[in-house]
Amino acid sequence: MVFLSGAKWSPFPRQVSYARPSSDTIKDANLYISGLPRTMTQKDVEDMFARYGRIINSRVLVDQATGLSRGVAFIRFDKRAEAEDAIKDLNGQKPPGASEPITVKFAANPNQAKNSQLLSQLYHSQSRRFGGPVHHQAQRFRFSPMSVEHMGGLSGVSVPGNSTSGWCIFIYNLGQDADEGILWQMFGPFGAVTNVKVIRDFNTNKCKGFGFVTMTNYEEAAMAIASLNGYRLGDKILQVSFKTSKSHK
DNA sequence: TTTCATT
């Protein structure tokens, strides 16, 4: 005779909760990896990091239009100590067959990143006066949209800076204190700007002297470059051009 | 004095 009264309501082993315990040991175990060879897939990256611990999830950022790797990835480890080991071992190292070292560090909080970008735009849109040296010169630009419409023959040509999500512009010779706001101010008048970035030193937060602006329309980007290249910002002469591929050698 | 990347 089978006596079932003790079985209660668990006829099958219940799947243990998916939620992971909240604990310091699993906090902030998320890594940001940049400088990866574009040929490396998500699996390749996982393979490289697997020996340091249990990988909870991973992602390789790809250009939405081309599907090509951006050389940037995320790896979330089970434990922070595992992530720390991976940083110590792999940061600044070259993957097999790679010519450039990779950067491995803890990932920034995505909410923080989004907020700072929003704040940057908010600051830009709310600011009426700028103490910077650019403002009083803004009217020196000559707008001649007719001339650039002639340059339509872009198809089939490999044009630096292009991607279907916009035209990436490289700005060199920014001052150490440059910020995103100055880029919005300089490029915004020429047309649709979708993104700006000031490259800063990780530790000092000082600008490394260059930045990027993404503009939607070629004509506006070309006009901005033509107008802003050679522009004097503070005591420096800007160099402005379409971004070129870093691997031109 | 010369090319990012933050799911």
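In what follows, chains are A, B, ... by sequence order, proteins preceding strands, each numbered from 1. Basis for what follows: all heavy atoms, side chains included, without hydrogens, waters or symmetry-related copies.
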Round to a whole Å and report the spacing from [atom1] of [X] to [atom2] of [N].
| X | N | atom1 | atom2 | value |
| --- | --- | --- | --- | --- |
| Leu36(A) | dC4(B) | CG | P | 13 Å |
| Phe202(A) | dT6(B) | CZ | P | 14 Å |
| Asp63(A) | dA5(B) | CG | C1' | 11 Å |
| Glu180(A) | dA5(B) | CD | P | 12 Å |
| Asp201(A) | dT1(B) | CG | C1' | 16 Å |
| Ile102(A) | dC4(B) | CD1 | P | 15 Å |
| Phe210(A) | dA5(B) | CZ | P | 8 Å |
| Glu100(A) | dC4(B) | CD | C1' | 13 Å |

Are Leu183(A) and Phe170(A) linked, directly or through intermediate hydrophobic residues, by side-chain heavy-atom contacts shorter than 4.5 Å (ILVMFWY only)? no
If hydrophobic clusters are built from ILVMFWY residues whose side chains come within less than 4.5 Å, do Phe242(A) and Ile199(A) share one?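 Phe242(A) and Ile199(A): separate clusters.
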Considering only [options], which nucleotide approaches the side chain of [X] most closely?
| X | options | value |
| --- | --- | --- |
| Lys105(A) | dT3(B), dA5(B), dT6(B) | dT6(B) |
| Gln239(A) | dT6(B), dT1(B), dT3(B) | dT1(B) |
| Tyr32(A) | dC4(B), dT3(B), dA5(B) | dA5(B) |
| Ala107(A) | dA5(B), dT3(B), dT6(B) | dT6(B) |

By nearest-heavy-atom nucleotide on DNA chain B, the more 5' of Ile199(A) and Asn173(A) is Asn173(A)
Which residue lies more 5' along DNA chain B, comparing Phe170(A) with Ser58(A) via nearest heavy atoms: Phe170(A)
Salt bridge between Glu84(A) and Lys88(A), side-chain N to carboxylate O under 4.0 Å?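 Result for this pair is no, no salt bridge flagged.
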Sorted by chain and number, sequence neighbours left out, side chain to side chain contact (heavy atoms under 4.5 Å, CB included) with Asn57(A) holds for Arg76(A)
Report yes if a side-chain nitrogen or oxygen of Lys197(A) is closer than 4.0 Å to either non-bridging phosphate oxygen (OP1 or OP2) of dT6(B); otherwise report no.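 For Lys197(A), the contact criterion (side-chain N or O under 4.0 Å from OP1 or OP2 of dT6(B)) is met.
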Between dT6(B) and Arg70(A), is there an OP1 or OP2 to side-chain N/O distance shorter than 4.0 Å? yes
For Tyr172(A), which contact category applies under a 4.0 Å heavy-atom criterion: base, sugar-phosphate, or nothing? base
Remember a base hit wins even if backbone is also touched, and classify Lys208(A) as base, sugar-phosphate or nothing at under 4.0 Å, heavy atoms. nothing
List, by chain and then residue number, the residues other than Phe74(A) in its hydrophobic cluster (Ile/Leu/Val/Met/Phe/Trp/Tyr, side-chain heavy atoms under 4.5 Å); write none if there are no others.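 Joined to Phe74(A), directly or through intermediates: Tyr32(A), Leu61(A), Val72(A).
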